[in-house]
Amino acid sequence: LGAIRVLDGVAVNNADYPISRVLVKGTIIGEDSKILGEQTSYAGNILTDEELANLSEEEIKKILSRPEGNNNTNDKIMPNGRIPFMVVFINEPPGVIKIQPEIIGAERLL
């Protein structure tokens, strides 16, 4: 697949109510704060090193776009709860200086 860059981390629900379908955007930034690319994925979808090495780009994108996450982990995140996330950049352009994660969506559960 070429050069792959993986951004992974943990999102924390700081709200006082449960949430679901946490959506994360990763932005790769070059010189002069120029945006070189963006990718989104739903939290709770984590790929192994073996999967990253062997799956096609389409398969990777399909897995990372499941709103419910692996084993429904993104269906209910309680207050102060944590959920892992992974954003994958395939064929990363040259000149990347930093990568910035941002939560761009979540649904409030009643």
Side-chain angles (χ1 to χ4, degrees):
L1 294 177
I4 295 178
R5 171 80 62 146
V6 177
L7 167 64
D8 61 356
V10 176
V12 179
N13 178 7
N14 289 323
D16 58 357
Y17 48 84
I19 59 172
S20 70
R21 298 181 181 240
V22 175
L23 183 61
V24 180
K25 176 175 74 172
T27 304
I28 51 177
I29 301 168
E31 290 184 33
D32 300 322
S33 298
K34 180 180 178 186
I35 294 175
L36 303 176
E38 296 178 330
Q39 289 291 332
T40 60
S41 67
Y42 281 95
N45 296 307
I46 304 298
L47 297 166
T48 65
D49 289 344
E50 182 178 333
E51 289 171 320
L52 289 167
N54 294 312
L55 294 175
S56 69
E57 181 175 355
E58 293 79 27
E59 291 170 315
I60 290 171
K61 287 181 178 182
K62 183 178 178 181
I63 290 170
L64 295 177
S65 67
R66 293 187 307 217
E68 70 278 4
N70 293 344
N71 300 315
N72 297 320
T73 54
N74 200 9
D75 275 349
K76 187 173 187 178
I77 300 98
M78 298 302 291
N80 298 313
R82 298 171 177 267
I83 185 166
F85 67 83
M86 175 180 277
V87 180
V88 177
F89 297 91
I90 298 171
N91 294 319
E92 176 186 73
V96 174
I97 293 176
K98 69 178 180 175
I99 301 177
Q100 179 176 327
E102 177 183 4
I103 303 299
I104 60 169
E107 294 180 14
R108 180 180 182 160
L109 294 177
L110 301 174

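The figures that follow rest on heavy atoms only: side chains count, while hydrogens, waters and symmetry mates do not.
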Side-chain contact test, heavy atoms from C-beta onward, threshold under 4.5 Å: evaluate it for Q39 versus V88 and give yes or no.
-> no
Reported CG-to-CG distance for the pair L47 and L55, which is rounded to 0.5 angstrom | 6.5 Å
Keeping the roles fixed (side chain from N13, backbone from G81), state whether a donor-acceptor pair exists under 3.5 Å.
-> no
For V12, what are the other residues in its hydrophobic cluster, where any two members join if their side-chain heavy atoms are less than 4.5 angstrom apart?
-> none
State, to 0.1 Å, how close P18 and P79 come at their nearest heavy-atom pair, and which atoms those are.
-> N-CD, 4.0 Å
Under a side-chain separation threshold of 4.5 Å, the hydrophobic residues clustered together with I97 are none
Can you pull the salt bridge (charged side-chain N to carboxylate O under 4.0 Å, His left out) pairs that have at least one residue in residues 12-27, sequence neighbours excluded?
-> K25-E38, K25-E102
How is the hydrophobic cluster of I104 composed, in terms of its other members, when Ile, Leu, Val, Met, Phe, Trp and Tyr link through side-chain heavy atoms under 4.5 Å apart, directly or indirectly?
-> L23, Y42
Test side chain to side chain contact (heavy atoms under 4.5 Å, CB included) applied to E50 - qualifying residues, sequence neighbours left out = T48, N54
With sequence neighbours excluded, tell me which residues meet side chain to side chain contact (heavy atoms under 4.5 Å, CB included) with R66.
-> N45, I63, E68, N70
Can you list every salt bridge (charged side-chain N to carboxylate O under 4.0 Å, His left out) pair that touches residues 84-98, not counting sequence neighbours?
-> R5-E92
Approximate separation, where rounding is to 0.5 Å, of S41 OG and I60 CD1 | 11.5 Å
One should read off an interatomic distance between T27 OG1 and I35 CD1, to the nearest 0.5 angstrom, of 5.5 Å
Mind checking what makes side chain to side chain donor-acceptor pair (under 3.5 Å) contact with K61, not counting sequence neighbours?
-> E57
Closest approach of S65 and K62, non-hydrogen atoms and distance?
-> OG-O, 3.0 Å
Taking ILVMFWY side chains as joined if any heavy atoms are under 4.5 angstrom apart, and letting links pass through other members, which residues group with F89?
-> L7, Y17, I19, V22, V24, I28, L36, I77, I83, F85, V87, V96, I99, I103
Mind listing the closest non-hydrogen atom pair of M86 and I46 along with its distance?
-> CB-CD1, 3.8 Å
